[in-house]
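A short write-up of the structure that comes next.
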Amino acid sequence: MPGIDKLPIEETLEDSPQTRSLLGVFEEDATAISNYMNQLYQAMHRIYDAQNELSAATHLTSKLLKEYEKQRFPLGGDDEVMSSTLQQFSKVIDELSSCHAVLSTQLADAMMFPITQFKERDLKAILTLKEVFQIASNDHDAAINRYSRLSKKRENDKVKYEVTEDVYTSRKKQHQTMMHYFCALNTLQYKKKIALLEPLLGYMQAQISFFKMGSENLNEQLEEFLANIGTSVQNVRREMDSDIETMQQTIEDLEVASDPLYVPDPDPTKFPVNRNLTRKAGYLNARNKTGLVSSTWDRQFYFTQGGNLMSQARGDVAGGLAMDIDNCSVMAVDCEDRRYCFQITSFDGKKSSILQAESKKDHEEWICTINNISKQIYLSENPEETAARVNQSALEAVTPSPSFQQRHESLRPAAGQSRPPTARTSSSGSLGSESTNLAALSLDSLVAPDTPIQFDIISPVCEDQPGQAKAFGQGGRRTNPFGESGGSTKSETEDSILHQLFIVRFLGSMEVKSDDHPDVVYETMRQILAARAIHNIFRMTESHLLVTCDCLKLIDPQTQVTRLTFPLPCVVLYATHQENKRLFGFVLRTSSGRSESNLSSVCYIFESNNEGEKICDSVGLAKQIALHAELDRRASEKQKEIERVKEKQQKELNKQKQIEKDLEEQSRLIAASSRPNQASSEGQFVVLSSSQSEESDLGEGGKKRESEA
């Protein structure tokens with residue numbers, strides 16, 4: 001090709017400075033070509049790698065589209081239209097993947113092979129010849145230098161021959177190497193142009209071939225298919241935009257309507273409590289005991305399902321059974337200084353659970369719902385209407401009807417008729433039935449109208465009635481929760497024969513006008529339950545009722561502190577509900593104020609776990625044991641009094657005998673001292689001790705008293 005400068009090969013033997021200077025220019029040009037070709041090789045290699053990656057990615061895409069119909073999506077996995085569309089796309093993309101694979105092969109052969117050959121073969125050959133030429137040039141210079149130092153005066157044929165041979169060899173080697181090196185540098189100018197144009201030509205031909213294959217695959221039928229898919233995509237987009245707009249409007253409406261619900265405890269006037277529910281769901285905090293006094297609270301989602309209470313932790317697929325709430329009991333409780341707590345107790349009383357609601361509204365609705373389910377209202381055809389009727393009946397049962405009052409007024413007994421006292425009953429009549437016992441009393445004679453009801457435990461009885469407590473040995477002493485005794489003081493129930501413990505829940509108490517008939521307890525139960533239904537009071541205080549021969553005690557189950565103490569002699573009446581055996585009550589007769597003669601009666605109502613009759617039996621047994629113990633105590637005191645009298649008489653008798661003995665001794669001493677003649681003639685004296693002198697004096701005094709007597 002014209003215009004290419006060449007290194008003069010014929011001047012290589014002369015090796016002039018001009019030749020060496022021209023060689024330096026060619027070497028600099030070869031270095032620039034090598035740097036540029038390395039960069040171009042990297043760029044083309046990136047194209048080749050990208051094409052290989054595109055071919056592999058296209059093949060993987062086609063494979064995934066074919067496997068779409070085998071996927072099991074939770075939502076929309078059975079869309080046959082989508083599956084068929086993707087199958088058609090997979091066929092087209094599979095053909096494109098084949099075209100990309102062909103293109104990748106053509107790029108490897110037509111683009112990468114020529115430039116790789118130039119880089120690995122030609123440029124490395126130039127570099128190798130350059131190193132060999134440099135070594136040969138250095139060897140030639142060293143041989144010439146040794147030849148120049150040959151001695152003129154002392155010529156040595158052998159040395160001269162060796163040096164001459166060395167110059168010959170090195171010059172020949174330099175000349176041959178230099179000629180090959182010049183030839184390679186001259187050829188490099190041609191190879192450079194070939195190495196630049198041939199890869200580009202192969203790249204363009206490969207792309208043209210790829211586009212031709214693509215045009216053959218993309219026929220008119222495929223273009224129509226793509227147009228239909230584009231229309232479908234636009235329709236889906238419009239549907240999505242419409243749905244998004246609807247959801248945004250729903251979000252705005254819900255934000256406005258739900259603003260009051262963001263407060264944990266919403267206003268009950270704006271969101272009234274629904275007491276007719278038979279199904280409810282929501283988050284509650286459940287109390288789990290981790291030790292004797294420690295516990296944790298876990299927040300879980302609870303929901304009712306028929307007669308079961310289910311719980312489901314966050315992340316669980318389905319809920320599990322928490323408790324069977326058919327015929328259960330539910331009440332509001334105080335637990336660990338937390339608000340809105342309530343306790344659910346199973347029918348048999350073996351399982352209980354304490355839950356905490358988030359608000360007062362949820363608290364009351366959960367209690368009402370569980371109460372409705374416990375009554376099996378959910379089994380009716382219309383549970384909410386049935387629950388509403390039941391709740392309305394409870395409200396109407398608050399005040400006795402006029403016919404009820406008139407019926408008992410007409411059946412009131414004569415003025416002089418007496419009623420035998422009773423302590424306990426287990427009759428089978430209902431709370432509002434027309435039994436003979438209830439007919440014998442009027443409502444006013446049982447409970448005074450407008451009598452206040454106490455729904456919670458305030459203070460111990462022994463603190464309110466100090467005189468009475470003192471009389472029965474009851475003090476307002478705190479029970480040691482660790483069971484330790486302070487000093488030598490014993491617990492007032494330590495020597496008691498009977499110790500029975502029951503779990504009870506305090507419903508309420510109120511003052512009554514009579515305490516000699518069990519109808520007093522029945523009427524008090526009716527009024528307290530009706531008042532709780534009217535005022536929506538579901539909270540009940542759970543305690544342990546300890547029955548002993550001395551008293552009844554209400555003990556805090558957590559702290560073991562005695563809440564109330566009822567002296568057993570003051571419990572004059574106790575009875576169980578006629579139908580609901582879990583309800584029981586007793587009447588306590590106490591003195592009002594400081595006057596012992598002014599007595600008042602208070603009826604206390606409790607709920608137990610199907611143990612009302614057992615508690616009444618236990619109280620009756622305690623009173624019998626106390627009665628026998630009192631009789632035994634009196635008999636024991638009488639026997640002790642007789643023994644004390646006998647002991648006193650025996651002491652008097654012993655004292656009299658001692659006095660007589662002393663008198664005899666004194667008389668003997670006096671007789672001995674009445675012989676003075678005999679004692680003086682013999683020169684002997686009788687010496688009396690001080691005690692004997694005193695006894696003699698006492699003897700004389702005694703004799704004088706006897707003579708006087």
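- Here the CD atom belonging to Glu365 is positioned 10.0 Å from the CG atom belonging to Asn276, to the nearest 0.5 angstrom.
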Let me have the donor-acceptor pairs involving side chains of residues 325-334, under 3.5 Å, with sequence neighbours excluded, atom names and distances please.
| residue | atom | partner | partner atom | Å |
| --- | --- | --- | --- | --- |
| Asp326 | OD1 | Tyr378 | OH | 3.1 |
| Asp326 | OD2 | Tyr378 | OH | 3.0 |
| Asp334 | OD1 | Arg539 | NE | 3.0 |
| Asp334 | OD1 | Arg539 | NH2 | 3.4 |
| Asp334 | OD2 | Arg539 | NE | 3.3 |
| Asp334 | OD2 | Arg539 | NH2 | 2.0 |

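- Atoms OH and OG, from Tyr302 and Ser353 in turn, are 5.5 Å apart once rounded to the nearest 0.5 Å.
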- Would Leu277 and Cys368 satisfy side-chain contact (heavy atoms from CB on, under 4.5 Å), going step by step from the backbone distance to the final call? CA-CA 7 Å; Leu277 297 174; Cys368 292; over 6 Å; no
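- Listed for the Lys623 side chain is a donor-acceptor partner under 3.5 Å among the backbone atoms of Val571.
- Side-chain atoms of Gln356 come within 3.5 Å of backbone N or O of Arg339 as a donor-acceptor pair.
- No donor-acceptor pair under 3.5 Å is formed between the side chain of Arg287 and the backbone N or O of Ser295.
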- Would Val504 and Ile615 count as a side-chain contact (heavy atoms from CB on, under 4.5 Å) if you check the C-alpha gap in whole Å, the side-chain angles of each, and the deciding distance to 0.1 Å? CA-CA 10 Å; Val504 297; Ile615 295 174; 3.9 Å; yes
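- Distance OG/Ser600 to NZ/Lys513: 14.0 Å, rounded to 0.5 Å.
- Side-chain contact between Ile344 and Trp366 is absent, with no heavy-atom pair separated by less than 4.5 Å.
- Not a single donor-acceptor pair under 3.5 Å links the side chain of Gln376 to the backbone N or O of Ile373.
- We find the CD-CG distance between Gln624 and Leu621 to be 6.0 Å, quoted to the nearest 0.5 Å.
- Counting only heavy atoms from C-beta outward, the side chains of Leu501 and Leu546 approach each other to under 4.5 Å.
- Taking the six-membered ring wherever Trp is involved, the centroid distance between the rings of Phe566 and Phe586 falls below 6.0 Å.
- Rounding to the nearest 0.5 angstrom, the gap separating the CD1 atom in Ile605 from the CG atom in Leu507 is 7.5 Å.
- Here the side chains of Arg582 and His577 are not in contact, with every heavy-atom distance at 4.5 Å or above.
- In terms of modelled atom types and a separation under 3.5 Å, the side chain of Glu607 and the main chain of Arg505 share no donor-acceptor contact.
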- Carefully, step by step, assess Leu552 and Tyr574 under the rule side-chain contact (heavy atoms from CB on, under 4.5 Å). CA-CA 12 Å; Leu552 306 180; Tyr574 45 93; over 6 Å; no
- Query: For Glu523 and Gln527, what are the C-alpha separation, side-chain angles and deciding distance, and is it a side chain to side chain donor-acceptor pair (under 3.5 Å)?
  - Reply: CA-CA 6 Å; Glu523 178 62 20; Gln527 291 200 20; 3.0 Å; yes
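- Around atom CD of Glu239, no more than 12 heavy atoms belonging to other residues, nucleotides or ligands sit under 6.0 Å away.
- In this structure, Ser618 contributes its side chain and Lys614 its backbone to no donor-acceptor pair below 3.5 Å.
- No donor-acceptor pair under 3.5 Å is formed between the side chain of Glu358 and the backbone N or O of Asp362.
- Side-chain atoms of Ile528 and Leu583, non-hydrogen and from C-beta on, never get closer than 4.5 Å to each other.
- A donor-acceptor contact shorter than 3.5 Å links the side chain of Thr386 to the backbone of Asn382.
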- Check the pair Leu599 / Thr590 against side-chain contact (heavy atoms from CB on, under 4.5 Å), numbers first and verdict last. CA-CA 6 Å; Leu599 299 178; Thr590 59; over 6 Å; no
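- Between Lys360 and Asp265, no side-chain nitrogen of the basic residue sits less than 4.0 Å from a carboxylate oxygen of the acidic one, so the salt-bridge criterion is not met.
- Looking at residues two or more places apart in sequence or on another chain, you find no salt bridge (Lys or Arg N to Asp or Glu O under 4.0 Å) involving Arg279.
- Evaluation of the ring-ring contact (aromatic ring centres under 6.0 Å, His included) test over residues 271-296, restricted to residues two or more places apart or in two chains, returns Tyr283-Phe301.
- Taking the side chain as every heavy atom from C-beta outward, Met240 and Ile244 approach each other to under 4.5 Å.
- In this structure, Asp324 does not pair ionically with Lys351, as no charged nitrogen and carboxylate oxygen lie closer than 4.0 Å.
- Trp297 is listed as a side-chain neighbour of Arg338, based on a closest heavy-atom distance under 4.5 Å.
- Under the 4.5 Å side-chain criterion, counting only non-hydrogen atoms from C-beta, Leu321 is in contact with Met310.
- Between the side chain of His363 and the main chain of Cys341, a donor-acceptor pair closer than 3.5 Å is present.
- Interatomic distance, NZ of Lys553 versus OG of Ser543, reported as 13.5 Å (0.5 Å rounding).
- Between Val561 and Ile555 there is no side-chain heavy-atom pair separated by less than 4.5 Å.
- A donor-acceptor pair is defined here as one N or O able to donate and one able to accept, closer than 3.5 Å; no such pair exists between the side chain of Asn288 and the backbone of Thr296.
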